Amino acid sequence: MRLFVAILLSDEMKAALIEAQNAMYDRGLRGNYSQEENLHLTLAFIGDFPAAEPVLDALETVAFRPFSLSLEGIGHFGDLWWAGLRDSAALNAVARRVRRALAENDIPFDRKRFSPHITLVRKASRDAAGIGIAPAGMDVEAISLMRSDRGKSGMIYTELGRVEADASGKEPL
Ligand code: 2AM
């Protein structure tokens with residue numbers, strides 16, 4: 001199984017992302033656009049791993065309070081264009097805790113520095129610089145373990161489990 005840990009996005013956030021994708025398309029940018037149901041923010045990429053249970057057990061040890069996310073600008077890694085997030089200490093902390101929990105449980109993951117982004121289009125035929133994005137936001141109430149499968153017409157992402165934020169006011173770990 002190909003696994004990753006992600007934040008699934010609110011409808012409002014997805015609507016702003018789709019608007020940006022439409023603006024790119026209208027400008028003549030062709031490529032592999034992320035499907036609406038696939039838009040997500042990755043916290044850690046695990047890759048091939050034989051079972052979900054140990055990963056879910058590790059994620060259960062991650063404590064966090066609900067926190068807010070806001071879109072901010074677009075950027076690119078080569079021909080992959082993404083939407084960025086407003087700098088957030090809470091987001092960085094939750095990514096750090098997820099990665100620490102994976103490491104402590106001997107679950108391998110991509111150690112590349114956390115660089116929060118939501119992929120909008122891969123293999124872009126042209127530049128998307130100057131495209132605006134509405135500053136939509138959401139409250140993050142959970143983190144999800146996702147499985148990625150190659151479907152006939154693109155990737156299929158399935159949520160295998162989730163860990164809810166602790167809204168009780170208890171001090172997170
Ligand atoms: P990307 O959108 O920048 O490609 C599922 O593949 C998710 O894991 C995507 O959000 C992808 O990011 C992310 N990811 C991070 N590291 C990855 C890697 N080494 N290989 C594939 N996907 C990776």
Side-chain angles (χ1 to χ4, degrees), residues 1-11 13-25 29-52 54-56 58-59 62 67 69-88 91-103 105-129 131 133 136 138 140 142-163:
M1 284 190 297
R2 197 174 151 95
L3 302 178
F4 61 102
V5 183
I7 293 172
L8 302 185
L9 306 176
S10 68
D11 289 345
M13 197 108 144
K14 286 187 182 179
L17 296 165
I18 288 163
E19 208 179 299
Q21 287 179 318
N22 288 340
M24 290 175 178
Y25 192 85
L29 189 157
R30 298 293 178 263
N32 295 340
Y33 282 90
S34 303
Q35 299 291 320
E36 176 173 2
E37 64 272 20
N38 283 353
L39 292 165
H40 67 273
L41 171 60
T42 295
L43 297 173
F45 180 77
I46 296 167
D48 275 330
F49 199 73
V55 185
L56 283 169
L59 293 179
V62 174
F67 62 95
L69 277 185
S70 304
L71 294 176
E72 191 172 75
I74 63 162
H76 68 108
F77 304 140
D79 63 4
L80 181 159
W81 285 81
W82 43 257
L85 285 311
R86 188 178 302 158
D87 201 25
S88 159
L91 173 62
N92 292 335
V94 89
R96 204 166 47 240
R97 286 177 194 154
V98 163
R99 289 161 177 240
R100 192 189 303 141
L102 296 175
N105 288 278
D106 297 323
I107 296 161
F109 61 95
D110 188 332
R111 304 270 179 157
K112 265 200 310 284
R113 208 173 73 87
F114 178 53
S115 170
H117 66 279
I118 300 165
T119 297
L120 296 173
V121 57
R122 294 184 166 80
K123 299 193 174 128
S125 64
R126 54 162 296 177
D127 197 84
I131 298 280
I133 191 152
M138 65 177 274
V140 178
I143 56 178
S144 302
L145 177 62
M146 306 296 295
R147 189 178 83 206
S148 156
D149 295 292
R150 193 171 293 282
K152 280 212 176 72
S153 50
M155 301 310 288
I156 299 167
Y157 299 147
T158 310
E159 188 181 41
L160 299 180
R162 53 169 47 204
V163 175

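One-based numbering, in listed order, for ligands and for the atoms of each. Nothing here was measured: the structure is a model prediction, and the numbers come from that model.
Atom 3 (O) of ligand 1 has His117 NE2, 2.6 Å as its closest protein atom, hydrogens excluded (heavy atom only). Atom 13 (C) of ligand 1 has as its closest protein heavy atom Thr42 OG1, 3.8 Å. When hydrogens are left out, the protein atom nearest atom 19 (N) of ligand 1 is Asp110 OD2, 2.8 Å; that is the closest non-hydrogen contact. Residue, atom and distance of the protein heavy atom nearest to atom 2 (O) of ligand 1 are Thr119 OG1, 2.4 Å. For atom 20 (N) of ligand 1, the nearest protein heavy atom (residue, atom name, distance) is Phe45 CE2, 3.4 Å.
Using a 4.0 Å cutoff on heavy atoms, His40 counts as a contact of ligand 1.
Ring centroid separation for the pair Phe4 and Phe109 does not come in under the 6.0 Å cut-off.
For ligand 1 and Arg2, the ligand atoms under 4.0 Å from any heavy atom of the residue are 21 (C).
For the pair Met24/Ile74, a side-chain contact is recorded, criterion being any heavy-atom separation below 4.5 Å from C-beta on.
A perpendicular orientation is assigned to the rings of Phe77 and His117, their planes being inclined by more than 60° (bins at 30° and 60°).
Without hydrogens or angle criteria, Arg30 side chain to Tyr25 main chain gives a donor-acceptor distance under 3.5 Å.
The two residues Met1 and Ala52 have their closest heavy-atom pair at CE-N, 3.5 Å. Here the closest heavy-atom approach between residue Ile46 and residue Ile107 is recorded as CG2-CG2, 4.0 Å.
The heavy atom nearest to atom 11 (C) of ligand 1, out of those in Arg122, Lys112, Arg111, is found in Arg122.
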